[in-house]
Amino acid sequence: MSLKIYNVLTRQKEEFVPLTEGKVNMYVCGPTVYDYSHIGHAKTYVSFDVVVRYLRYIGYDVLYVQNITDVGHMLDTGEDRILKKARQLSALPMQVVETYMRSYFEDMDALGVKRPDISPRASAHIPEQIAMIQKLIEKGHAYVVDGSVYFDVTSFPEYGKLSGRKVEELEEGARVAIREEKRHPADFALWKKADPEHILRWPSPWGEGYPGWHIECSAMATKYLGVTFDIHGGGIDNIFPHNECEIAQSEAAHGEPFARYWMLTGSLTLDGVKMSKSLGNTLTIKDALKRWRPEAIRTFILSSHYSSPIDFSDEAVEAAHKGWQRIWGAVSLTRARLRHAPEGEADPNVVTMLEETKATFIEKMNDDFNAPAALAVLQELTRNVNGLLNERSDLTKGTLAAIDQLYRELGGDVLGIVPETTEASASAEREQGLIELLIELRAQARARKDWATADQIRDRLKALGVVLEDRPDGTTWKLA
RNA sequence: GGCGACGUGGCCAAGUGGUAAGGCAAGGGUCUGCAAAACCCUGAUCACCGGUUCGAAUCCGGUCGUCGCCUCCA
């Protein structure tokens, strides 16, 4: 069975056939780095992280480009977001950019999001953007007015094909254009003339200015992925005008299709309402990570399809966390048992079960990256594994290693919710030794039915965050 | 006002024509010194109305409701 992707451009689920066999060129709109990243960013980039991980898992050579917007993104007041923040902090614009870009990568690293292969910055690609604008002017798709350049939407009949909007409708509902110099209210800026106080500025054929917001993505995607490439991703909230403008600029400039498959992620609300600065209900990734481990947040995000909107709430994340703990418990126990298991080949029956699990998992992911269904497969695997762990004391190293390996692939490599190492192996050797010593002493106490001592050890360790569980084959421990 | 999405058991959520995955919560049970964990068992006819069909959660029409976009947003 082959991979199918819901293509927003055609509003259909289509078989995925890359331009070049075995290779995927992919672009995802990145953040504008003017503040700390919030959990909405987490939803989008974790979603695409799993897309990239899966494409690689099934053998594609993926080139993943995600921009960093550090100039050109205007507020509706016409003010540059970066400049506004810089003024608030009395800092240089590039200090602001540097601060929040580093913060963004920190957050993504913490969430287990693999870094893009290229993270191009808009401010580092001014010449490419200018060249593209010039091409658009030459081809009659853009016009210059007093040092600024605008894209002429009437010159591109397909404008609106992604979002389903029509220029005529836009005109009706459009607010009074702030810049009267535009010929059509829907025309958008490619290049803006810099006012004297605007310090983010570059020389151009039209005078000192700065690029519009949309042109960077077109210019950088083209530079690194080619005129036509395979997948373009982003949040659904950018479908208009941003994504629409990208298509218009690129296809008008090159006369070739831009991205072939468009994948857009659903938005995230917080306790039922959209996050917004004015309501003050934003939750940064850093704050979320103080409450939940990254795997819990990833599991929560992957519990709904990437294209669905999700609502972030304590209860929902907590439920996802519990579900994750069940999987992680089975993985930890498998690895613990592996250390003392008898040598031997893998049990053929278990191997068959694992193969079926893997096949089903792939089937689900092939269906437009259905992570929630894939997660359910992992849960069923976990039920089977826990059953084996409970009932069979004779599991060999081969069997246990095969189980561990499947979790590493599906839960680790693809979904990124199964860590490489368990707490036991990750923690310091001395600490491990101390815990095991206490477990031994407690076992002796239990043997002589000294429950007071046994419980004291367990309770004290629990207070320190070390949870003991007595099983038929011995006591295991894990970090809470 | 325009465009679009959605409405599945207490909660979250898969499932797009053949009699409803999974997780969380709840109840019962097994195991256990106790606990924890795990395992087993128990529950929905899919917002409502009408239509198409041998047959629909799944297609069509309508009603109600929720949300997103249309202006900056991942």
Side-chain angles (χ1 to χ4, degrees), chain A residues 11 13 28-32 34-35 37-48 66 69 73-79 81 160 163-166 168-170 172-175 178 213 233-242 264-269 272-278 282 299-300 302-305 307-311 313 315-327 329-330 332-333 360 364 367 370-380 382-391 446 449-451 454-455 458-459 462 467-472 475-476 478:
Chain A
R11 308 264 160 191
K13 209 181 269 186
V28 170
C29 286
T32 300
Y34 67 102
D35 206 342
S37 301
H38 52 67
I39 49 178
H41 295 106
K43 146 96 165 139
T44 299
Y45 301 120
V46 166
S47 296
F48 284 113
Q66 185 191 107
T69 297
H73 204 152
M74 299 298 126
L75 291 161
D76 49 10
T77 55
E79 193 174 22
R81 290 173 176 287
S163 58
R165 299 231 158 79
K166 294 186 176 64
E168 309 84 69
E169 289 167 355
L170 292 170
E172 288 168 20
R175 295 180 176 184
I178 297 169
W213 173 36
I236 186 79
D237 45 344
N238 271 339
I239 189 170
F240 189 90
H242 183 63
L264 301 176
T265 55
S267 296
L268 178 147
T269 51
V273 289
K274 190 174 175 175
M275 283 189 288
S276 77
K277 291 265 169 7
S278 53
T282 55
T299 302
F300 165 70
L302 299 175
S303 292
S304 302
H305 192 254
S307 61
S308 300
I310 57 174
D311 184 50
S313 66
E315 303 74 52
V317 180
E318 200 46 47
H321 185 205
K322 295 255 183 65
W324 172 80
Q325 282 180 319
R326 185 161 163 276
I327 293 172
S332 301
L333 201 53
T360 309
K364 300 299 182 189
D367 185 13
N370 194 335
L375 215 42
V377 173
L378 233 44
Q379 288 289 2
E380 288 180 76
T382 297
R383 192 179 340 106
N384 290 330
V385 169
N386 277 324
L388 286 170
L389 255 18
N390 279 343
E391 281 146 39
R446 293 178 75 211
K449 300 200 191 303
D450 177 2
W451 309 126
D455 290 350
R458 186 172 59 193
D459 293 345
K462 187 176 183 185
V467 180
L468 301 190
E469 286 174 18
D470 296 324
R471 301 180 56 85
T475 299
T476 64
K478 64 181 178 188

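What you are looking at is a predicted structure, and each value in this text was computed from that prediction instead of being measured. All values below were derived from every heavy atom in this structure, side-chain atoms included, with hydrogens, water molecules and symmetry-related copies excluded. In the text below, chain A, chain B and the rest are named by the order of the sequence lines, each starting its count at 1.
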Using centres under 5.5 Å plus planes under 30 degrees as the test, is A:Y45 stacked with B:A74?
->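 No, A:Y45 does not stack on the base of B:A74, since the centre distance and plane angle fail the 5.5 Å and 30° test.
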
Mind calculating the distance between [atom1] ([X]) and [atom2] ([N]) to the nearest angstrom?
X: A:L333; N: B:C31; atom1: CG; atom2: P; value: 20 Å
X: A:N370; N: B:U16; atom1: CG; atom2: C1'; value: 13 Å
X: A:L375; N: B:G22; atom1: CG; atom2: P; value: 13 Å
X: A:L264; N: B:C3; atom1: CG; atom2: P; value: 20 Å
X: A:R471; N: B:U32; atom1: CZ; atom2: P; value: 13 Å
X: A:I239; N: B:A74; atom1: CD1; atom2: P; value: 15 Å
X: A:F300; N: B:A13; atom1: CZ; atom2: P; value: 8 Å
X: A:K13; N: B:A14; atom1: NZ; atom2: C1'; value: 11 Å

When we call it a touch if two heavy atoms are under 4.0 Å apart, what does [X] touch: a base, just sugar-phosphate, or nothing?
X: A:G40; answer: base
X: A:E315; answer: nothing
X: A:G272; answer: nothing
X: A:S307; answer: nothing
X: A:R383; answer: sugar-phosphate
X: A:S304; answer: sugar-phosphate
X: A:H38; answer: base
X: A:A319; answer: sugar-phosphate
X: A:I236; answer: nothing
X: A:I310; answer: nothing
X: A:E380; answer: sugar-phosphate

Between [M] and [N] - [atom1] atom distance, rounded Å:
N: B:C59; M: B:A21; atom1: C1'; answer: 23 Å
N: B:U58; M: B:C46; atom1: P; answer: 9 Å
N: B:A14; M: B:G7; atom1: C1'; answer: 15 Å
N: B:G2; M: B:G17; atom1: C1'; answer: 33 Å
N: B:G10; M: B:G51; atom1: C1'; answer: 33 Å
N: B:C40; M: B:U66; atom1: P; answer: 41 Å
N: B:G22; M: B:G9; atom1: P; answer: 16 Å
N: B:A74; M: B:G23; atom1: P; answer: 35 Å

Counting only Watson-Crick pairs (N1-N3 plus N6-O4 or O6-N4) and G-U wobbles (N1-O2, O6-N3), all under 3.5 Å, who is the partner of [N]?
N: B:G50; answer: B:C60
N: B:U66; answer: B:A5
N: B:A44; answer: none
N: B:C39; answer: B:G29
N: B:U71; answer: none
N: B:C34; answer: none

If only side-chain N and O atoms of [X] are considered, is one of them under 4.0 Å from the OP1 or OP2 phosphate oxygen of [N]?
X: A:R326; N: B:G23; answer: yes
X: A:T69; N: B:A74; answer: no
X: A:K322; N: B:G23; answer: no

Among [options], which is the nearest nucleotide to the side chain of [X]?
X: A:Q379; options: B:A74, B:A14, B:G22; result: B:G22
X: A:R446; options: B:A36, B:C3, B:C34; result: B:C34
X: A:T44; options: B:A74, B:A14, B:C34; result: B:A74
X: A:N238; options: B:C34, B:A74, B:A21; result: B:A74
X: A:N386; options: B:A74, B:C39, B:C24; result: B:C39
X: A:D470; options: B:A74, B:G33, B:A13; result: B:G33

Going through the distances and angles, do A:M275 and A:I39 end up as a side-chain contact (heavy atoms from CB on, under 4.5 Å)?
-> CA-CA 9 Å; A:M275 283 189 288; A:I39 49 178; 3.8 Å; yes

Measure distances between side-chain N and O atoms of A:N390 and base N and O atoms of B:C31, and say whether any donor-acceptor pair falls under 3.5 Å.
->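 Side chain to base: no pair below 3.5 Å.
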
Show your reasoning for whether salt bridge (charged side-chain N to carboxylate O under 4.0 Å, His left out) applies to A:D455 and A:R458.
-> CA-CA 5 Å; A:D455 290 350; A:R458 186 172 59 193; 3.4 Å; yes

Counting C-beta onward and ignoring hydrogens, is there a side-chain heavy-atom pair between [X] and [Y] closer than 4.5 Å?
X: A:D470; Y: A:R446; result: yes
X: A:Y45; Y: A:Q66; result: yes
X: A:H41; Y: A:P31; result: yes
X: A:P309; Y: A:T269; result: no

Nearest-nucleotide 5' precedence on RNA chain B, A:G323 against A:P472 |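 Nearer the 5' end of the strand: A:G323.
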
Take A:A373 and A:H242, find for each the nucleotide of RNA chain B with the closest heavy atom, and name the residue whose nucleotide sits nearer the 5' end.
->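 First, find each residue's nearest nucleotide; the 5'-ward one identifies A:A373.
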
With the threshold set at 4.0 Å, does a side-chain nitrogen-carboxylate oxygen contact exist between A:K364 and A:D367?
->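 Result for this pair is no, no salt bridge flagged.
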
Residues A:T299, A:H321; criterion side-chain contact (heavy atoms from CB on, under 4.5 Å); working and verdict = CA-CA 7 Å; A:T299 302; A:H321 185 205; over 6 Å; no

Where A:L333 and A:T476 come nearest, the two heavy atoms and their spacing =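 So the two residues come closest at CD1-CG2, 3.6 Å.
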
